[in-house]
Structure formats: structure tokens, C-alpha cells
Amino acid sequence: MKILMVSIPTLHFFRWANQLQDAGHEVYWFDITGMSQHVSKISWIQQKVDWKLKWDYPGRILVKNKFPKLYKFIQQFNEKDTAKTFENYLNEIKPDVVHSFALYLSCSPIIEVMEKNPAQKWIYSSWGSDLFYFQNEPAYLKDIKRVLPRINYLFTDCLRDYEIAKQYGFSGEFLGVFPGGGGFELNEMETYKLPISQRKTILIKGFQGRSGRAIPVLKAITTLKEQLLNYEIVVFGSDPQTFEYVTNSELKKWKNFQILGKILHEEVLKLMGKSLICIGNSNSDGMPNTMLEAIFMGAFPIQSNPGGATAELIQNGVNGLLIEDCEDEQKIKEIVNRALNNCNFDNAESLNQIKIVPKLHYIKVKNEVISIYKKLN
């Protein structure tokens, strides 16, 4: 089967696509950004990349960085049309199925082409905040209502988003719930895991931004200084807003507190492998990959629950704790305090290893995904 995948260049996409290596399909990738070079991680896939610019003029990057308004003006005349370029590639490849990853990134830009080709089978993979967050933005909701009735097949990373998709016109075949980047390779992750009894780190995802809500968590732990004296507090993946908050707070004076920016994925796994608790907080997400990785690494998850997505895996107080209001620092304080004083970390880790980890093993997910693609042929 010929499969034309449409996505931005991300690790999640590369991991998902690599599930199909040696599965007998002819796979192509249309980089919707048009700006990446050939990607070695998916070298077995035929790639349509680096197509966006009509002319990569000398000094373009300098202009982009120093004179953004001028750059934006120039690019109006220097960029090829995404829909037209995709249409030409579609006609050239003549795939059996098109598979788009993320609605607003990889469905909306090509919807006019797909509407002109109603017989062309189309899969859409919903990622993270794709539907839950953007349904509240009028311009995006318009796209959602236009795209979903045209979609033939749907993957999601949580059941919540399947229900949302049906509300806005999806009537095709639901292909199931899978992590956005496919399954997890346990053998690689196991090497970083410490026994629960040796763990003294509390790990916090430091993203604030559009949907991240790290700052309410930091405000909450600031009031728990005495209870946290025997733990190492590490904040990772922090953005400028989070750094600014810490700089102006008493946390910077704590000897057991460390804040990190973006770090290598391997370093994140190492931190998780020595963490007793991992906290993630946002106002919108699907099934958080960071939480899944933390569970695989044996950490106790404390996670926000937008739209009930996280509760699909976490039974509150049993194998993790749920944050129902991502802005309520007092409630978050109570949740962290509950974890420190009343939760059985060994029991939670055991339950997660029995009930969750086997379902998301790389080989299991890969075989299920390959089987689903075969049925579409």
C-alpha cells in the first residue's frame, strides 16, 4: 500500500512512522513546513522536504532574526503555496491513503485539496491539545468543523478526543487510542531506573506557555518547604516565564532546588528514573507523553486532567493523583502533601507496571498499528 504521511518534523512523528519500516508499505512524507532537510531518522521513507522557498537568498537567516517584519513581508512573495505543492505531490504519488498528523498543522492546510479528491482515503491522528484546546478558538473551530466530516479514519491519544471529533462531524472509522509517537522501548528505559526506596527527587515539568501551568505548581511547593527538605526538587523543560518566576521567588534560595531548560530526551529519562514523583500540569493536553514516560520509569504521576483524558489511565489516589483545577495552587499544595504523606509509591508503581506498561510496549503497539494499516488496504 502507498501511504502519504503529512506532518511537521517532530520526534513523535518520526517514531510513529518508523513503526511501518519493513511492514511492506511504500511510505512517503510530505513535510508540511517545507523547510526541513532530509531526515536520517526516517531515511527509509521517501521525503518531500525543503520545497517551501522560491529562493534561499544570501543573508535570509540574518534578515529573519534581525528584521522579522521585513522578513515576513518578503516571504509573502518568496514562499510556494502549500496546498498547490501538496496537490502536485499527491497527483504524482497517487497514494492509497493520506495520513495527516495534527489537525491545524497538517489537515487544515490541505483541506481544499482533499475536498477536490473525495475518493482519496484520509487518516487523521489527533495530538495533545489538537481538538480539546482549539475547539475554543473560533477560527480553529471553523477548520475543525470543515476537516472532520471529510476524514475517513481517526487515531487519537485518548478516548476524550474521539468523543469531541464525533461532536464536530467525524463519522468515519475510529482506529483506536495510541500514544502519538507509538509505543515505548522498555529495554532502553530500564537501564535508568532506580529502586523506589532509593528515590528522593521530585520532578516537575517546567512549561508555562500557552497551555503549560508550571507556575501554580511552583507556588504550591513554595509553601511546602519544610515537608520537602529531604527531597531534591528538579524543574525541567522550563520556558522563559518559568525562569522569570523562579528568579523572583524564594525558590532560587533553596539548596535542594534546581531549574533546567530544554534538555536531551535521554537526560529526561535519567531524571525520571531517579524520581519518586513526577508532576505535570496544563490546561489542555491529550494523554501526556511525559506522564506516560514517567510511569514507565517508575515515578508516581501527579497530573492535570483536562476533559477527563488523564483519568482514562490514572485512578485518583491509587496509581497516581489528578489535578482537576490547573490554576488552583492551594489544591495543588494539598495534592502534593497527600502524595508525600498518604500514598503507597511501591504499590502504585507495581500497579502501573502491571496494568499500563504492557499495553504501551513498543512491539505491542507497533504490531497493532501495522495490523490496522493492513486492514485499510
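It should be emphasised that the depicted structure is a prediction, and the values quoted were computed from it without experimental measurement.
A donor atom on one side chain and an acceptor atom on the other are found under 3.5 Å apart for D239 and T242. Judged purely by distance below 3.5 Å, without hydrogens or angles, the side chains of E26 and Y28 pair a donor atom with an acceptor atom. Side-chain contact of S106 with S100: a donor-acceptor pair under 3.5 Å is absent, judged by distance alone. In this structure, a donor-acceptor pair under 3.5 Å is present between the side chains of N305 and E324. No side-chain N or O of W44 forms a donor-acceptor pair with one of D22 less than 3.5 Å apart. If you check the side chains of Y168 and Q135, you find a donor sitting under 3.5 Å from an acceptor. With 3.5 Å as the limit, one finds a donor-acceptor pair spanning the side chains of Y192 and E266.
Inter-residue side-chain proximity for P9 and D31 is flagged as met; some heavy-atom pair is nearer than 4.5 Å. Residues Q46 and W29 have side chains not in contact (no heavy-atom distance under 4.5 Å, counting atoms from C-beta outward). Side-chain contact between F184 and R15: present, with at least one pair of heavy atoms (C-beta onward) separated by less than 4.5 Å. You'll find the side chain of I277 stays beyond 4.5 Å of the side chain of L203, heavy atoms only. Residues V235 and F257 meet the side-chain proximity criterion, which asks for heavy atoms closer than 4.5 Å. Within the 4.5 Å cutoff, side-chain heavy atoms of L4 are placed close to those of Y89. Contact of the M5 side chain with the L20 side chain is registered, since non-hydrogen atoms from C-beta on lie closer than 4.5 Å. The side-chain heavy atoms of D130 and D161, taken from C-beta on, include no pair separated by under 4.5 Å.
One finds the CD1 atom of I263 at 5.0 Å from the CG atom of L271 (value rounded to the nearest 0.5 Å). Rounding to the nearest 0.5 Å places CZ of F345 at 11.0 Å from CZ of R199. A distance of 6.0 Å separates OG of S304 from CD1 of I323, quoted to the nearest 0.5 Å.
Counting heavy atoms of neighbouring residues, nucleotides and ligands inside a 6.0 Å radius, atom CD of E244 does not exceed 12 of them. Atom NZ of K262 sits in a sparse spot, with 12 or fewer heavy atoms from other residues, nucleotides or ligands closer than 6.0 Å. Other residues, nucleotides and ligands contribute at most 12 non-hydrogen atoms within 6.0 Å of the CD atom of Q315.
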Residue pair R160, E163: steps toward the salt bridge (charged side-chain N to carboxylate O under 4.0 Å, His left out) verdict: CA-CA 5 Å; R160 178 203 68 193; E163 297 302 322; over 6 Å; no

Trace of the salt bridge (charged side-chain N to carboxylate O under 4.0 Å, His left out) decision for E267 with K270: CA-CA 5 Å; E267 296 303 314; K270 287 180 180 178; 3.6 Å; yes

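Both cation-pi conditions hold for K166 and Y162: the charged atom is under 6.0 angstrom from the six-membered ring centre and inside a 45 degree cone around its axis. In this structure, K200 forms a cation-pi arrangement with Y231, its terminal cationic atom sitting closer than 6.0 Å to the ring centre and no more than 45° off the ring axis. Figure legend: cation-pi geometry between R213 and F207 absent, as NZ or CZ is not positioned both under 6.0 Å from the six-membered ring centre and within 45° of its axis.
If you look at F30 and W51, their ring centroids are closer than 6.0 Å. Under the 6.0 Å cut-off for aromatic ring centres, H99 and Y153 do not qualify, their centroids lying 6.0 Å or more apart.
Under the 4.0 Å criterion applied to side-chain N and carboxylate O atoms, K274 and E232 are not assigned as salt-bridge partners. Ionic pairing of E368 and K364 is present here: one or more N-O contacts between side-chain nitrogen and carboxylate oxygen are shorter than 4.0 angstrom.
Cluster partners of L264 are absent, since no Ile, Leu, Val, Met, Phe, Trp or Tyr has side-chain heavy atoms less than 4.5 Å from it.
In this structure a side-chain-to-backbone donor-acceptor pair under 3.5 Å is present from H361 to I363. For the pair N281 (side chain) and P216 (backbone), a donor-acceptor distance under 3.5 Å is absent.
What you find for D157 and G180 is that their closest heavy atoms are CB-N, 4.3 Å. Counting all heavy atoms, side chain and backbone alike, W127 lies closest to A102 at CE3-CB, 4.0 Å. L103 approaches V147 most closely through the heavy-atom pair CD1-CG1, 3.8 Å.
Tracing side-chain contacts under 4.5 Å through hydrophobic residues (I, L, V, M, F, W, Y), one never reaches I202 starting from F236; they form parts of separate clusters.
Looking at residues two or more places apart in sequence or on another chain, you find no side-chain hydrogen bond (donor to acceptor under 3.5 Å, both in side chains) involving Q120.
Ring orientation note: the planes of W16 and F101 are nearly perpendicular, at an angle over 60° on the 30°/60° scale.
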Extract all donor-acceptor atom pairs below 3.5 Å that involve side chains of residues 286-302 and protein atoms in other chains or at least two apart in sequence.
unit_1, atom_1, unit_2, atom_2, d
N289, ND2, H12, NE2, 3.4
T290, OG1, K205, NZ, 3.2
E293, OE2, H265, NE2, 2.7

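With T156 as reference, F174 is the one residue of F178, F174, Y124 to meet the side-chain contact (heavy atoms from CB on, under 4.5 Å) rule.
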